[in-house]
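To start, the structure under review is shown below, and the notes come after it.
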Number of protein chains: 2
Amino acid sequence: MKHESFNESIEMYLKTVSELAAGNDLAPISALAERLGVSTVSATEMVHRLCEKGLLDHTPYKGVSLTEDGRRRAQRVIRRHRLWECFLVDYLNLPWEKVHDYACRLEHATDTAVTEALAAFLNNPQTCPHGNPIPSADGAVTAVRDTALSDLQPGDHGTITRIHPESELLLDYLAARHILPGQPLEFEELAPFNGPLMIKIDGETHALGQEIAAHIFTEPAHDTL
Amino acid sequence: MKHESFNESIEMYLKTVSELAAGNDLAPISALAERLGVSTVSATEMVHRLCEKGLLDHTPYKGVSLTEDGRRRAQRVIRRHRLWECFLVDYLNLPWEKVHDYACRLEHATDTAVTEALAAFLNNPQTCPHGNPIPSADGAVTAVRDTALSDLQPGDHGTITRIHPESELLLDYLAARHILPGQPLEFEELAPFNGPLMIKIDGETHALGQEIAAHIFTEPAHDTL
DNA sequence: TTAAGGTTTTAGGTAAGCCTTAAAATAAAC
DNA sequence: GTTTATTTTAAGGCTTACCTAAAACCTTAA
């Protein structure tokens, strides 16, 4: 009766660090705090606790990163999360943009035995409905080599591979516009002064802000056939 | 980040009261405390909080019962619990005696939308794998009219209908002896001095203590054809 | 009717996770 | 090198849910 809620916060911190420190660099505590909806002071406290537990490394004034232990733990949570997302979409027919939040709750309440039985039931899917890779049971992650939409150049063509990191607000926005993994797109033009990217998807052109574009990953289409 | 664990304790208390007060009588706080693995002081404190919230009624020195609100809330948790059990057994092929504990964690992390989608996916099952009825979405419970094994007389025949209340220890014990819902049984004799019940199931005779017998419910076979 | 036994309250504590406000340390930018 | 912004510490608090120990209180049965 104490253990459960105990883990929950820890798991959220580890998962978030994992998301923020995707490029192997340090995740600033301020960013952590913001994503978790917590004051920077509280986040700093918690980071200390997690450092003591050997789950995080903290470089003062720079940010935090996961230790090997923390990484494995985070990957296990992410695995559970994405497997549940697959189930919720493919079997329960719940909406693509809602399952992230549902899975966020289930992920902390799922035994390893359940996780692995679920993986087998689902036939060991490789990605979640939002395109993100599902870590293997031992915590290994498939490296992805896609490009953020925000890193493409006007004129580029590509196909959406995944949305990352996910949040309900973002997914709602994207779902309403059919901006989903698998969709081909064309980067028509970039408005000046850090303006939006004009992106043609599914026959329509959308103005996407820089911030949103950084959450959309693509596989560029090669002009060379 | 606060709400989740918040609900968890409340839900466990309500669920437990519902289990203990099956016969419409009051559940003593001491029994509540024992089942929850908590001191009576803590249980008393929590009962006060739940009374203030209008979920429980407390008759001092007697025990507690659920208000209509509390009842509905408890039934909703139980519904989620039993639906998960069905899924875990029927689709993930997890062991009958283990799924109770797995479901105990999932039940507090499941949105209503997920619950109802799951119910539809499972084709609205009426009972959990341990034979207990699954409350309907609006909190209605099917009345069961079966008899505790401890209330049968030597010589009686019957069929096991359900195990209630469940606990992993009990389920492990029963699973190892094939004492499962659907099994026919014969009450051979009752040992004197509150001794065990000699019960013939699946070709073998088992000595079951009074306490265990109170957890096994049966549908007596009528001699009158 | 009184003593025994169970129940409840009171008092005093713990731990995790959060909060705020304010001051100090450091990094970055000019 | 000074200013500005960010980070970290420090101090004091809150809530939930648990604990022990001791006192007060009901109920019941001898």
Side-chain angles (χ1 to χ4, degrees), chain A residues 1-17 20-21 25-66 70 73-74 77 104-105 107-109, chain B residues 1-17 20-21 25-66 70 73-74 77 104-105 107-109:
Chain A
M1 183 140 286
K2 234 172 298 182
H3 247 54
E4 342 272 318
S5 33
F6 188 57
N7 286 339
E8 192 153 333
S9 272
I10 294 184
E11 289 182 351
M12 283 307 288
Y13 272 85
L14 296 181
K15 209 179 70 154
T16 307
V17 172
L20 290 174
D25 24 50
L26 300 177
I29 290 186
S30 50
L32 237 190
E34 208 207 318
R35 284 212 122 237
L36 291 168
V38 142
S39 76
T40 57
V41 178
S42 298
T44 304
E45 270 183 356
M46 190 59 166
V47 162
H48 288 331
R49 275 191 287 258
L50 296 182
C51 283
E52 268 159 32
K53 282 192 204 300
L55 297 169
L56 288 183
D57 283 326
H58 182 207
T59 312
Y61 296 98
K62 297 293 180 170
V64 297
S65 60
L66 295 162
R73 187 107 175 246
V77 180
C104 262
R105 301 197 42 210
E107 73 190 5
H108 306 294
Chain B
M1 185 143 282
K2 237 172 295 180
H3 246 56
E4 342 274 317
S5 33
F6 187 59
N7 287 339
E8 191 153 334
S9 274
I10 294 186
E11 290 181 351
M12 284 306 289
Y13 272 86
L14 295 182
K15 208 179 70 155
T16 307
V17 172
L20 290 174
D25 24 52
L26 299 178
I29 290 187
S30 51
L32 237 190
E34 206 206 320
R35 284 212 122 235
L36 291 168
V38 141
S39 76
T40 58
V41 178
S42 300
T44 304
E45 270 183 353
M46 188 61 164
V47 162
H48 288 330
R49 276 192 286 259
L50 296 182
C51 283
E52 269 159 33
K53 284 191 204 298
L55 298 168
L56 288 183
D57 283 326
H58 182 208
T59 313
Y61 299 98
K62 297 294 181 168
V64 298
S65 60
L66 295 163
R73 187 107 175 245
V77 180
C104 262
R105 300 235 269 139
E107 73 192 7
H108 307 293

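The chains referred to below are lettered A, B, ... by the order of the sequence lines, with proteins before strands, and numbering in each begins at 1. We use all heavy atoms of the structure for the numbers below, so side chains are in, but hydrogens, waters and symmetry mates are not.
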Inset, instruction - Looking only at side-chain atoms of A:Val41, point me to the closest of D:dT9, D:dC25, C:dC18. - result: D:dT9
Inset, instruction - Compare the minimum distances between each of D:dT6, C:dT8, C:dG17 and the side chain of B:Ile29, then state the nucleotide with the smallest one. - result: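 For the B:Ile29 side chain, the nearest candidate turns out to be C:dT8.
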Can you see if the side chain of [X] gets near the phosphate of [N] - specifically, an N or O under 4.0 Å from OP1 or OP2?
| X | N | value |
| --- | --- | --- |
| A:Thr44 | D:dT9 | no |
| B:His58 | C:dT8 | yes |
| A:Ser39 | C:dC19 | yes |
| A:His48 | D:dT9 | yes |
| B:Ser42 | D:dC19 | yes |
| A:Ser9 | C:dC18 | yes |

Output the rounded distance in Å from [atom1] ([X]) to [atom2] ([N]).
| X | N | atom1 | atom2 | value |
| --- | --- | --- | --- | --- |
| A:Glu52 | C:dA16 | CD | P | 10 Å |
| B:Lys53 | D:dA17 | NZ | C1' | 12 Å |
| B:Met46 | D:dC19 | CE | C1' | 15 Å |
| B:Leu26 | C:dG6 | CG | P | 19 Å |
| B:Tyr61 | C:dT7 | OH | P | 11 Å |
| B:Glu45 | D:dC18 | CD | P | 9 Å |
| A:Tyr13 | C:dG17 | OH | P | 9 Å |
| B:Arg49 | D:dT16 | CZ | P | 7 Å |

Which heavy atom of [X] sits nearest a heavy atom of [Y], and at what distance?
| X | Y | value |
| --- | --- | --- |
| B:Thr40 | B:Ser30 | CG2-CA, 4.1 Å |
| B:His108 | A:Arg105 | O-NH2, 3.0 Å |
| A:Ala109 | B:Ala109 | CB-CB, 4.0 Å |
| B:Leu20 | B:Ala27 | CB-CB, 3.7 Å |

Legend entry - Sole candidate of A:Met12, A:Met46, A:Lys15 that passes side-chain contact (heavy atoms from CB on, under 4.5 Å) when paired with A:Leu36: A:Met12
Inset, instruction - Give one of base, sugar-phosphate or nothing for A:Gly37, where a contact means two heavy atoms less than 4.0 Å apart. - result: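 Contact class for A:Gly37: sugar-phosphate only.
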Inset, instruction - Describe the nucleic acid contact of B:Pro28 in one word from base, sugar-phosphate, nothing, applying a heavy-atom distance below 4.0 Å. - result: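 No contact.
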Inset, instruction - Let me know, please, whether A:Ala43 or B:Thr40 comes out on the 5' side of the other along DNA chain C by nearest nucleotide. - result: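 With A:Ala43 and B:Thr40 compared, the 5'-side residue is B:Thr40.
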